[in-house]
Structure formats: structure tokens, C-alpha cells
Amino acid sequence: MKSKQIKFLVGLLIVTLLGFKYYKMWPLLATKHAFFPVSFARVNENQINRGVLLYGEGKYSEAKAILEPAAKKGDPIALFFMGEMLINGTAGEKDEQLGRSYQERASLLIKKLADKGLPDSQFLYATMLYRGKGVPQDLDLARKYLKEAVDAGIIEAKASYGCMLYEGKGVPQDLDLARKYLKEAADAGIPAAKASYGCMLYEGKGVPQDFDLARKYLKEAVDAGVPVAKASYGAMLYEGKGGLQDFNLARKYLKEAADAGIPVAKVNYGCMLRDGEGGPQDLPLARKYLKEAAESGIPEAKAVYGYMLYEGKGGPQDLGLAKKYLKEAADEGIPVAKVNYGCMLRDGEGGPQDLGLARKYLKEAADAGIPEAKAAYGCMLWDEEGSSQDLGLARKYLKEAAESGIPMAKANYGCMLYLGEGGPEDFDLARRYLKEAGESGILVAKAIYGYMLRDGKGGPQDLGLARKYLKEAADEGSISAQNAYATMLFEGQGSKGDKDQAKIYWQKAAAQGDEEAKEELSLHYNISK
């Protein structure tokens, strides 16, 4: 009478990704400070600063027209930014070798000026060390030069140093000090600092959580064009935190952030495309963005992309690749991935069956509170799959899953209550859960609920309704329901009798090898077994 477990491969709605992670945002743009007030008399300093600002605005061709002549004259700032454009090909021509040589020359010149105590040079050289641009990456040395620029009052340096303190890179993590520097830089108008400080307020890390204030700072950073701010601000619009909910605007900003390369925005935008939120559904495009985010290492993206591969949504089904991504996400702690990967292991999909390992992952997901995992794990405990049977524990997990509304769990828990397995019989409660599961379309629940109606267990007898449920279960292939319904037809229980129809249902059961049905056919219709 026990039901076979169904697959509990649940879809995901991951839009905020458990809070947006803090991103490294090193401000490289000249804002209030000229990087080199003197030193290169032959180069027009104001023009160089204008070129850097144009670079920051994404106007690369205009920036190149200003910076290229200055780079040829040896100006270190022009060399650095020309190197960036050559390496990335953002101004048309792409020449990584020449770009790196430009940045190496820039680093030598900038280091000399930094060692002479010029604060702007200290800041830029620290940035180069942090990113490994023109010099080998060196976080400790980056921190040293950056701290010198901070102490000299360079506001952009405070923003970058706040990021280092927040992340604990090259310096011990210090959330209080990170908040101090980032707030100073944000209030001084540095867009990247506004984004970073807004993220701190949004997450409540190092500062009391304040959605209203977070949204204010993030909006200012968005208006200044900071991609990561668009990612976080888009999430707040989606959730309605700190202001009105707006799916359309959330989708717009998340798309911009995703197209700017922010992995977390690719996940969130991909999910909105998948679910048709804030605009038309587009499964192939959703899969593209989620794949990119998964390949960049975002665990939540691996979970969602793996599930799309499993279902074959937005592209071909690929069980092997689905299993790979779901395993990675599961091993990185994503509970819903543990459910999906556990179910694939249990069913032998995408690779060999492994009931013991399936049980392990499903237990972890169940203990993390995932109702579908409780249902699947409870079934394994009940069926003695992957390890020893534990009826009491099976009943506990199935009860919790049933109370969370999982139809199959209602059916299985109702069966345990009906049979008195893992605890005392409770016909009243069994009847309630089996009725709900039957109305959800669960075959075994229809059959057992039909028996209870027929026998008056757990409530009044109702032969007419019993006959209805048993017919549905019989037509869906339940052998026991075919036998029970045939008997009711033969004896005229719940409505008029119909011996011809009774014969048909016993024949269906007999065709499935049921001995009881064969006996009835032999007895009533002289049909040989």
C-alpha cells in the first residue's frame, strides 16, 4: 500500500542570493584630485585628467585621442590607461603585449613618485599592486602604499582601503573601520564608495541594517553608473526593500549589471528571464546568463543552471552536466541543490545510482528545512533505501513535509497513520491527509482514501464517494483499487451493480499478475487462471 517516491526536483527562485556579496571596487578615476600636479612639464596635465574621466565614462575613442599622444611622451597616467585600453581592446585596437609593456613602464614611473611621498602616486601604485597591473600582484605591499595615501587624505584611497578592510584582503578584516572609511568616501561623493557602503547597509555588516539608507546610497551609485550598485539596487527593487517593489525596473538594472559582467546580477537577471518577471519569459537567454554565472563559480547559479539542464529548459537536456553542476552547488552548501543531486543519485540519473550517498545529501537538505527533502528522505527511511529502516524517524520527516503542503508527503504520512507504522494508528488524521493528497492527484492516496470511505474508517461511511475515488485510482492503474472497485461494481455498493464492468476491472488487475483478481474471475466468470 506504500507509495513509490516521486522525484522532488524543485525549481529555484534565487533573486537575492542570500544577500549580495561585497565586490572589490577600486576607484581609478580622477575626480577631485589630479594624479600628478607637476613632474611632467611637457604633458598637459588637465588634458590627461580629462582623458581619464572620458575613460571612466566609457568614451574610449575620445579618451584614446587624448591619452595616446601623452603616453608616447612617457606620461605614466596616460601609459597606464592606454595599456588598459590596448589589453581590453576597448578603443578599437587590441594589443595585449603592447598594453602590458605600457603598464610596466607606467609602474616603474609611478613607483618612483610614490616612494617620493606623492599621495596620488601612492594610491595608483597600490591599485596596480592590488590588481597585478604592470606589476606582480602583492596585497601586503598594496596595503602599505594605500594606507600612506589614506593618511595623506586621498578620499579615493579611503574608498579602496575600506574595501580591503571589509574583505580582509592584505589586511585583517575590520568592519568598523571599513564602515568609517567607506562612509567618508561615500559622503565625499565617490560613486564606488556609495555602492560599497550601500551594500554594507543592505547586508547589515559592520553597521546596523538600514534598507532605506542603503537604497539611497545605492541609487546615487547607480546614477553614477557603478555596475555592482545596479546589481544590489536591482535586488532591492525586486524585493521591495527600502521602498516600492518594481519588477520592471529591477529587471532593467539587473540586465545592465549582468551585461557589465557582475556574476550575481547574471544569476538574478537569469532567474527573472526564466520566470517571466518584469518582462517576457525567455528560457534560452535565461540559460545563457545562468551558465555564465555558474562558470564564474557562483554556487547558487550552479544550482539553478543545473536544474535547467536537468529539465531541458532553454536548451537540450543534459543529465550528466546537470549532475555535475548540482553536485558542485550541493558541496558548496546550497540546500536545494542537495535535494536535486540527492534525487539524481537515488534514481540513477546522469550517472550510477548511489542510495547511501543520496540519503546523505537528502538528510542534509531535510535538516536545513527543505520540505521536499524531508519528503524524499522520509521515504528512504521508510523503504529502507541506502541504509537501515527507521519508521519512527520516517514518520517524523514525512509529517513535517506533509504539514508544509507536499502532496506526496501527505499521502505517505497518511499511509503511515492508516497502517500504524512508526507510531499509533490514527484513522481520523490519516483520512484528512489522504483526502488532501487524493485531491492533489496522488494515486495511492485516492486508493486508500477510497477504502476508508468504503469502510467508514476515520469518518462516516460514504459508498458513493468511495466508488468515485476507487474508480479514479483503478483507471490510473492501481491493482488494489481495481480489485476494490470491481467488487463494488459486482455487489452494487454505492450505486447500481454492473457485473460486466466488474469483469473488466478484475481483468485489468489480473493482467498485472494479481492472484486475487484471477480468483474472482475464476469464481464469478469461470475464466481459468
Side-chain angles (χ1 to χ4, degrees), residues 23-31 33-116 118-139 141-146 149 154 156-157 159-160 163-164 169-170 190-192 225-228 260-261:
Y23 284 83
K24 300 182 289 293
M25 290 177 284
W26 283 74
L28 282 175
L29 309 184
T31 52
H33 297 276
F35 286 104
F36 297 95
V38 287
S39 306
F40 293 89
R42 292 185 304 157
V43 177
N44 187 318
E45 173 196 325
N46 290 330
Q47 275 292 92
I48 292 171
N49 288 338
R50 173 166 169 69
V52 172
L53 287 169
L54 287 166
Y55 173 92
E57 292 169 3
K59 298 175 182 177
Y60 300 117
S61 296
E62 295 176 50
K64 180 183 177 182
I66 293 172
L67 295 172
E68 189 171 34
K72 288 178 179 177
K73 293 178 182 179
D75 184 275
I77 301 303
L79 283 166
F80 179 84
F81 284 98
M82 273 303 301
E84 284 285 279
M85 287 189 282
L86 285 164
I87 290 168
N88 298 316
T90 48
E93 179 187 3
K94 184 171 182 176
D95 189 330
E96 292 184 27
Q97 185 175 354
L98 182 59
R100 283 193 292 271
S101 72
Y102 271 26
Q103 290 197 336
E104 286 167 6
R105 286 170 60 197
S107 71
L108 293 173
L109 293 166
I110 291 166
K111 183 179 185 302
K112 286 180 182 178
L113 295 170
D115 290 340
K116 288 180 180 179
L118 274 70
D120 288 315
S121 308
Q122 292 164 342
F123 169 55
L124 184 53
Y125 189 56
T127 301
M128 297 179 79
L129 287 162
Y130 184 89
R131 288 185 165 181
K133 297 280 188 180
V135 290
Q137 188 180 52
D138 189 327
L139 297 183
L141 200 56
R143 176 199 54 77
K144 170 187 173 294
Y145 280 100
L146 189 59
I154 302 298
E156 295 89 348
S160 299
C163 286
M164 288 191 81
K169 287 194 174 179
I190 305 299
V226 180
V228 75

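Given the structure is predicted, the values throughout are model-derived calculations rather than measurements.
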Would you please name every residue forming a ring pair (Phe, Tyr, Trp, His ring centres under 6.0 Å) with Tyr145, sequence neighbours left out? Tyr125
For Tyr130, is there any backbone N or O sitting under 3.5 Å from a side-chain donor or acceptor partner on Gln137? yes
Shortest non-hydrogen pair, Ser121 vs Leu113, comes out as OG-CB, 3.3 Å
Kindly give the heavy-atom pair with the smallest separation between Leu146 and Ser160, and that separation in Å. CD2-C, 3.8 Å
So which atom in Met128 and which in Ser107 form the shortest heavy-atom distance, rounded to 0.1 Å? CE-CB, 3.6 Å
Once rounded to the nearest 0.5 Å, what's the spacing between atom CG of Leu79 and atom CG of Leu108? 10.5 Å
Got a second to check how far Leu124's CG is from Phe81's CZ, nearest 0.5 Å? 6.5 Å
Taking every heavy atom of Pro76 against every heavy atom of Ile110, the minimum-distance pair comes out as CB-CG1, 3.7 Å
Salt bridge (charged side-chain N to carboxylate O under 4.0 Å, His left out) pairs, two or more places apart, involving residues 97-107: Glu96-Arg100
Would you say Lys133 and Glu84 make side-chain contact, with heavy atoms under 4.5 Å? yes
Mind checking the CG-CD1 spacing from Asp75 to Ile48? Nearest 0.5 Å is all I need. 3.0 Å
Taking side chain to side chain contact (heavy atoms under 4.5 Å, CB included) as the test, write out the residues that go with Ile66, two or more places apart. Gln47, Arg50, Leu54
Inter-residue atom distance Asn49.CG - Leu67.CG, 0.5 Å rounding: 9.5 Å
Kindly compute the distance separating CG (Asp120) from CD (Glu156), expressed to the nearest 0.5 Å. 7.5 Å
Applying side chain to side chain donor-acceptor pair (under 3.5 Å), can you list everything that pairs with Lys144, at least two apart in sequence or on another chain? Glu148
Sequence neighbours left out, what passes side chain to side chain donor-acceptor pair (under 3.5 Å) with Lys111? Give chain and number order. Asp115
Between the main-chain N or O of Phe80 and the side-chain N or O of Gln103, is there a donor-acceptor pair closer than 3.5 Å? yes
Side chain to side chain contact (heavy atoms under 4.5 Å, CB included) against Glu93, all qualifying residues, sequence neighbours excluded: Lys64, Leu86, Asp95
Note: Gly170 and Leu139 closest approach over all heavy atoms is CA-CB, 3.8 Å
Taking all heavy atoms of Ala78 and all of Ala70, pick out the closest pair and write down the distance. CB-CB, 3.6 Å
